[in-house]
Amino acid sequence: MRKRAIVSAVSAAGLLLAIPATAADAGPGAPGIGDPYYPTYGNGGYDVSHYDLRLKYQPATDELEGTATLLATATQGLTRFNLDFALDVSEVRVNGRVAKFATSGEQELEITPATPLAKGQQATVVVRYSGVPGKVKRYGFTSWQRTPDGGVAANEPESAWWWFPSNDHPLDKATYDVSVLVPDGSAAISNGVLVSQSSKLGWTRYNWRQNKPQATYLATLAVGKFDITRNTTANGLPVINAYSKDLGDNDGAARASIERTGEIIDWESGYFGPYPFSAAGGYAPNVPTHYAVETQGRVFYSPAQFAGGANPSVIVHELAHQWWGDSVSLSRWSDIWLNEGFASYAQWLWSEHEGEGTAQELADWVYSQHPADDPFWTVKPGDPGAANQFDGAVYDRGAVAIQVLRNKIGDKAFFALLKAWPAQHQYGNGSIAEFQKLAEKISGKKLGPLFETWLFTAAKPAAPPAAPKAGALRAAPAAPQAEPKSWKQIAATHTIHDR
């Protein structure tokens, strides 16, 4: 609003510097980040660099109280912006001033700051909230699992809404400090390094820090009665694992698998390059689910995954994600092959390592088990659609595609590629198109037809011609293929993301 009709040039310049945004150059941020699979997930108009979460959780009642402080930068002028969240909010402040807020849709928290934000302006957003996450359902499901002694947040592609407000899409990665107050006798597990722990008046506070960029769905929280083990790898990397004290018959097999985390990280580093985070480990809470999630640096495992005995193959899969999916996250959810295809192929490399079937034998086995009219071949790993994002074909056909790529470009270029991709995109994001471009650069070969046939065609590919070396995928196996010894353990991980 103008106070005078005439303003000198000098005064006008001063006003432009003083006012951070005006109605003319600011507007509301988008309520979605633009992912075709999940149009309402994430938000536009800003980028979060850090989450500071200070929480109090009562296991007996499933009550969660929290104060979330987000450090963000506006990427456009903002009169309003959204966060993804599903609990009850009592107050929001932006840059220290009380902000108006409202809710809409399934998980939109609409925030109107007292003063619009200018493009490039840094903002501190404080949200105070509370709720009973176990009672919250969105889109017909919950990502918060109640346990006999607490609760767990772990799911994909979403779990943050149930315990902290966020810009919930892998494109907006940030660092984290997670401080959790729980009753004495309970433990709080989260990502990264446990920087401190203290008790007072019947409550214990756990302070966790994730100092490398992390996607929101990879943030995890678990509260319960855990047995926590600590170790280090040969290079001094802290390995922190946790097990519910009531895992029953699955306890021994879970420990015999998860305690191999350090060994498997050292082995995978030989293929993918140095481990990208400051700590590693996993945890197995007493939940009835069957899936695992590659929560960054602290993998979530359902105990049912070990009902058949120890399964180091699932550990290999989830730890491979620390490079393929966590350090380098997908650009949009249709790029899921970059996560699941390569984590599955890591299991095939482990099978070779263990002498239980080569990657080529596994590729031949998968190819031979699915006739041309099998719906398996209708799923395109390079763009499976949201409904088929975690279909078995994304894992198995996706891994066969990687073996075909290996045969096409040769082992030297292939293994160079396995290290180059995580190195070049570390702590960022990547797409299948960018991966193809890098593969072509390293190999000197045009790979468009291969990617189109194996990743983007809803039909069984004709087996490629035999390469001029042993072990190539054969044109058509003349006899039924023998099941590789490793296959049952590999197939047991196919429930990884079953809800």
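By convention here, the first residue in the shown sequence is residue 1. Because only heavy atoms are used, hydrogens play no part in the values below, and waters and symmetry mates are left out as well, while side chains stay in.
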Residues [X] and [Y]: side-chain donor-acceptor under 3.5 angstrom:
X: Asp35; Y: His169; result: yes
X: Gln360; Y: Asn407; result: yes
X: Gln347; Y: Ser313; result: yes
X: Asp396; Y: His370; result: no
X: Glu340; Y: His317; result: yes
X: Tyr176; Y: Asn211; result: no
X: Tyr301; Y: Glu318; result: no
X: Tyr51; Y: Thr216; result: no
X: Trp162; Y: Asn155; result: no
X: Ser486; Y: Ser351; result: yes
X: Trp208; Y: Asn191; result: no

Less than 4.5 Å apart, side chain to side chain, heavy atoms only: is that true for [X] and [Y]?
X: Val180; Y: Leu221; result: yes
X: Val316; Y: Glu268; result: yes
X: Trp161; Y: Val136; result: no
X: Val239; Y: Thr232; result: no
X: Pro274; Y: Ser269; result: no
X: Val314; Y: Ser257; result: no
X: Leu362; Y: Glu483; result: no
X: Tyr46; Y: Thr73; result: no

Verify side-chain contact (heavy atoms from CB on, under 4.5 Å) between Leu349 and Glu352, making sure each step is shown before the conclusion. CA-CA 5 Å; Leu349 293 174; Glu352 289 188 349; 4.1 Å; yes
Looking only at heavy atoms, which two atoms of [X] and [Y] are closest? And how far apart?
X: Gln305; Y: His290; value: NE2-O, 2.9 Å
X: Thr147; Y: Val223; value: OG1-O, 4.2 Å
X: Glu294; Y: Gln322; value: O-NE2, 3.6 Å
X: Tyr271; Y: Lys419; value: O-CG, 3.1 Å
X: Pro461; Y: Tyr367; value: O-OH, 2.7 Å
X: Phe451; Y: Leu405; value: CE1-CD1, 4.3 Å

Do [Y] and [X] meet the salt-bridge criterion of a basic N to acidic O distance under 4.0 Å?
X: Asp411; Y: Arg406; answer: yes
X: Glu354; Y: Lys485; answer: no
X: Lys437; Y: Glu440; answer: no

Taking atom [atom1] of [X] and atom [atom2] of [Y], what is their separation to the nearest 0.5 Å?
X: Arg298; Y: Ser190; atom1: CZ; atom2: OG; answer: 8.0 Å
X: Lys173; Y: Asp47; atom1: NZ; atom2: CG; answer: 12.0 Å
X: Asn311; Y: Phe306; atom1: CG; atom2: CZ; answer: 7.0 Å
X: Asn43; Y: Asn82; atom1: CG; atom2: CG; answer: 5.0 Å
X: Asp335; Y: Leu330; atom1: CG; atom2: CG; answer: 6.0 Å
X: Asn429; Y: Ser327; atom1: CG; atom2: OG; answer: 10.0 Å

Going by side-chain hydrogen bond (donor to acceptor under 3.5 Å, both in side chains), name the residues that satisfy it together with Thr229, two or more places apart in sequence or in a different chain.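 Listed in chain order: Glu259.
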Begin with the C-alpha distance, continue with both residues' side-chain angles, and end with the deciding distance and a verdict on side-chain contact (heavy atoms from CB on, under 4.5 Å) for Glu108 and Asp84. CA-CA 5 Å; Glu108 299 294 336; Asp84 298 297; 3.7 Å; yes
Please answer whether the main-chain N or O of [Y] pairs with a side-chain N or O of [X] as donor and acceptor at a distance below 3.5 Å.
X: Ser244; Y: Asp246; result: no
X: Ser331; Y: Gly430; result: yes
X: Thr261; Y: Ile258; result: yes
X: Arg397; Y: Trp377; result: yes

So, applying ring-ring contact (aromatic ring centres under 6.0 Å, His included) with Phe342, which one of Trp337, Trp421, Phe272 is it?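 Single pass found, and it is Trp337.
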Residue pair Asn241, Ile228: steps toward the side-chain contact (heavy atoms from CB on, under 4.5 Å) verdict: CA-CA 6 Å; Asn241 299 320; Ile228 300 174; over 6 Å; no
Is the Tyr345 to Tyr395 ring centre distance short of 6.0 Å? no
Look at the aromatic rings of His353 and Trp267 and report parallel, tilted or perpendicular, splitting at 30° and 60°.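 Aromatic pair His353/Trp267 classed tilted.
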Would you please test Tyr139 and Gln107 for side chain to side chain donor-acceptor pair (under 3.5 Å) and show each step? CA-CA 9 Å; Tyr139 300 99; Gln107 84 288 349; 3.0 Å; yes
Scan the side chains in residues 383-391 for donor-acceptor partners under 3.5 Å anywhere in the protein, sequence neighbours excluded, and list what turns up.
unit_1 : atom_1 : unit_2 : atom_2 : d
Asp383 : OD1    : Tyr37  : OH     : 2.5
Gln389 : OE1    : Tyr38  : OH     : 2.6
Asp391 : OD2    : Ala393 : N      : 2.9

Derivation of the side chain to side chain donor-acceptor pair (under 3.5 Å) call for Thr220 and Tyr283: CA-CA 11 Å; Thr220 192; Tyr283 71 96; 2.7 Å; yes
Evaluate whether atom CZ of Arg209 has more than 12 neighbouring non-hydrogen atoms of other residues, nucleotides or ligands under 6.0 angstrom away. no
Between Trp323 and Phe277, is the ring pair (Phe, Tyr, Trp, His ring centres under 6.0 Å) condition met? List the steps. CA-CA 9 Å; Trp323 289 265; Phe277 305 121; 8.4 Å; no
Test Tyr217 against Tyr41 for ring pair (Phe, Tyr, Trp, His ring centres under 6.0 Å), laying out the working first. CA-CA 11 Å; Tyr217 83 94; Tyr41 288 18; over 10 Å; no
Tell me, which pairs form a salt bridge (Lys or Arg N to Asp or Glu O under 4.0 Å) where one or both residues lie in residues 225-241, sequence neighbours left out?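 Found Asp227-Arg255.
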Would you check, one step at a time, whether the test side-chain contact (heavy atoms from CB on, under 4.5 Å) holds for Thr457 with Glu452? CA-CA 6 Å; Thr457 301; Glu452 182 64 29; 4.0 Å; yes
